[in-house]
Amino acid sequence: MRRSVRIVPGWYQAETVASVPADKSIVQRLLIMSLFCQGETRIEGSGFGSDCISTARAVGMLGADVRMDRLGGAVQVLPPSEGLVQPEGEVCLGNSGTGMRLLSGVVAGYPLDVTLTGDESLMRRPMGRIADPLRRMGAQVDLLGAEDRPPVRIRGGGLNPIRYELPVASAQVKSCILLAALFAEGETEIIEPAPSRDHTERILLRWGVPIQCEGKSIRLKGYGRGGPRFRAETWRPPGDFSSAAYIMALTAAEPGRSIWVRQVGLNPRRTAFLDVLSGMGAAVSVDPRPGGDWEPAGSVHVEGRRLRAVQVWGEWIPRLIDELPLLMALGSLADGHTIVRDARELRVKECDRIAAMGEALRRLGVDVQEFDDGMRVVGPASFRREEVVLDSLGDHRIAMSLAVLATYAEAPVVIRNAGCSEISCPGFWELLTSCGVVVEDAE
Ligand code: S3P
């Protein structure tokens, strides 16, 4: 894993075709939800990031037989035939908030005593948001860290249905409750403040689970104590839209550059970044893959233009939550003031992403104003003309956003702690190189 990289500005190919590893959100859900299946689930995809690997290991600690062939790009999960098993020791989810929050929902369905833990970053993330609904459903949940931080100790079983209004738009919290609701007697209703990604709902719908999604309400009738049992199958998740967004942004702000990203997920609750890029003036076209797959997918073509600033807030935010650091980076290349509001959630991601982007952009010479819930970025910026050293703070999305911005800079940019891109996009630096970016090892 590379510790520091140096990006040399410029980009030397006129037309490129790229593809990205399988969608991390979908793969993690499939790994976790394969625990409900009879027989062996197979998930195919090119390369799994370390969040997927942490989740696979955790599923293994709960009794599943997990075989992961990283190079061949497939993972197989055979769950224990009788529920989950009591793990020996704490179950570590590494850096994965999705893994910890979703697995908490599943574990709450079983009469086990399970403690979930994670790396330094995950141990700083708020878990009160899952503890509250799970407690209301009847699970005993103890947050063993300071305030509402992990480790999360869950003693589950015998769950009740609830009606729950989510205080924040969070697909992780929604999914945690949905997975626990499968073990309740009766109907659970969840109300979202704004639509968030619906990968969990789509998997359940494909299994024929009676789940009703109407506007911001989702209702699900549980299977009771024994939980559900579905037939295992083979899944081929599309490429991760959030990883593809970095590749699209490589071209978006430079007239004359263009790129195709193939086989990428196009779930409408993930793709607001495409609308934002178009709104900024880039030429974006989508070639949807035919077929009624459970998750829409296709190819995206982006042709660079001189960008103009954009403002995003409200219901836009959950639909591009992971692309917001990248949007802040692009804002520094666009004419005008790019403004992001209603995105306080960024403060409790893998790092405080508002502070991290604010610091990095200022170091590059960009005029930014941080808000509690977002940022104003003034563009087009005059970047510093000497080498700048930036730090990802171990956050994969910060590392990749800065790498893309560095291709537009005036001088080389060194990114410290760059290896964290493996969390969601294994092979990211090689992918950049194959797109024509000069990436050097630094230090
Ligand atoms: C995810 C949901 C989002 C996102 C995260 C993955 C998921 O988090 O930021 O990277 O897989 O459900 P929230 O739902 O907490 O906003």
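Worth saying up front: this structure is predicted, and the values here are computed from it rather than measured.
Looking at Arg153, its side chain never comes within 3.5 Å of a backbone N or O of Val141 through a donor-acceptor pair. Without hydrogens or angle criteria, Asp148 side chain to Gly128 main chain gives a donor-acceptor distance under 3.5 Å. Within the 3.5 Å criterion, the main-chain N or O of Val173 finds a donor-acceptor partner in the side chain of Ser170.
Two residues are said to be in side-chain contact when any heavy atoms from C-beta on lie closer than 4.5 Å; Trp235 and Ile203 meet this criterion. Counting heavy atoms from C-beta on, the side chains of Gln140 and Ile154 never come closer than 4.5 Å. A heavy-atom distance below 4.5 Å is found between the side chains of Val348 and Arg129. Trp313 has its side chain out of reach of Val340: every pair of non-hydrogen atoms, C-beta onward, lies at least 4.5 Å apart. For the pair Asp391 and Ile398, the minimum side-chain heavy-atom distance is 4.5 Å or more. No side-chain heavy atom of Val5 sits under 4.5 Å from any side-chain heavy atom of Val414.
The closest side-chain donor-acceptor pair between Ser421 and His396, if any, does not fall under 3.5 angstrom. For the residue pair Thr41 and Ser34, no side-chain donor N or O sits within less than 3.5 Å of a side-chain acceptor on the partner. Using modelled atom types, one finds no donor on one side chain facing an acceptor on the other under 3.5 Å when comparing Ser392 with Arg416. Side chains of Arg231 and Gln38: no donor on one and acceptor on the other come within 3.5 Å. Looking at Lys174 and Thr200, their side chains never bring a donor and an acceptor atom within 3.5 Å of each other.
Here Leu84 contributes atom CG and Phe36 contributes atom CZ; the two are 8.0 Å apart, rounded to the nearest 0.5 Å. A distance of 14.0 Å separates CE of Met127 from CG of Asp132, quoted to the nearest 0.5 Å. Within the model, atoms CD of Gln86 and CD of Glu88 stand 9.5 Å from one another, a figure rounded to the nearest 0.5 Å. Taking CD of Gln28 as the reference point, atom CG of Leu93 lies at 8.0 Å (rounded to 0.5 Å). One distance of note links CD1 of Ile259 with OG1 of Thr16; it measures 5.0 Å at 0.5 Å rounding. Atom CD of Glu422 is separated from atom SG of Cys52 by 11.5 Å, given to the nearest 0.5 angstrom.
The side-chain contact (heavy atoms from CB on, under 4.5 Å) with Met61 is formed by just one residue from the set Val91, Val114, Val85; it is Val91. For the salt bridge (Lys or Arg N to Asp or Glu O under 4.0 Å) with Arg270, the qualifying choice from Asp198, Asp275, Asp23, Asp322 is Asp23, the only one to do so.
Ion pair Glu192/Lys216 not flagged as a salt bridge, since none of the NZ, NE, NH1 or NH2 atoms sits closer than 4.0 Å to an Asp/Glu carboxylate oxygen. Under 4.0 Å is where a charged nitrogen must lie from a carboxylate oxygen, and between Arg124 and Glu120 at least one such pair does. Taking a cutoff of 4.0 Å between a charged side-chain nitrogen and a carboxylate oxygen, Glu323 and Arg397 do not qualify as a salt bridge. The pair Glu214-Arg219 meets the salt-bridge criterion, with a side-chain N (NZ, NE, NH1 or NH2) lying under 4.0 Å from an Asp/Glu carboxylate O. A salt bridge links Arg42 to Glu44: one of the charged nitrogens lies within less than 4.0 Å of a carboxylate oxygen. Taking a cutoff of 4.0 Å between a charged side-chain nitrogen and a carboxylate oxygen, Arg362 and Glu370 qualify as a salt bridge. The pair Asp240-Lys24 does not count as a salt bridge, with every side-chain nitrogen at least 4.0 angstrom from each carboxylate oxygen. Under the 4.0 Å criterion applied to side-chain N and carboxylate O atoms, Glu350 and Arg125 are assigned as salt-bridge partners. Salt-bridge annotation for Arg67 and Glu40: present, with a side-chain N of the basic residue lying under 4.0 Å from a carboxylate O of the acidic one.
Pairing each heavy atom of Phe48 with each of Ile43, the nearest pair is CZ-O, 3.7 Å. Nearest approach of Ile162 to Pro133, heavy atoms of both residues: CD1-O, 3.9 Å. In this structure, Ala169 and Pro193 approach most closely via the heavy-atom pair N-CG, 3.4 Å. Of all the heavy atoms in Leu30 and Pro237, the pair that sits closest is CD1-CG, 4.0 Å. Minimum heavy-atom separation, Ala180 to Leu159: O-CD1, 3.5 Å. Here the closest non-hydrogen pair linking Thr188 and Pro161 is OG1-CA, 3.3 Å.
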Stepwise, does the salt bridge (Lys or Arg N to Asp or Glu O under 4.0 Å) test hold for Arg155 with Asp142? CA-CA 9 Å; Arg155 280 162 282 181; Asp142 298 302; 2.7 Å; yes
Would Asp395 and Lys349 satisfy salt bridge (Lys or Arg N to Asp or Glu O under 4.0 Å), going step by step from the backbone distance to the final call? CA-CA 9 Å; Asp395 183 321; Lys349 292 291 180 189; over 6 Å; no
Residues Arg262, Ser19; criterion side-chain hydrogen bond (donor to acceptor under 3.5 Å, both in side chains); working and verdict: CA-CA 5 Å; Arg262 301 270 187 223; Ser19 57; over 6 Å; no
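A parallel orientation is assigned to the rings of Phe230 and Trp207, their planes being inclined by less than 30° (bins at 30° and 60°).
Other residues, nucleotides and ligands contribute only 12 or fewer heavy atoms inside 6.0 Å of the CZ atom of Arg225. Other residues, nucleotides and ligands contribute over 12 non-hydrogen atoms within 6.0 Å of the CZ atom of Arg269.
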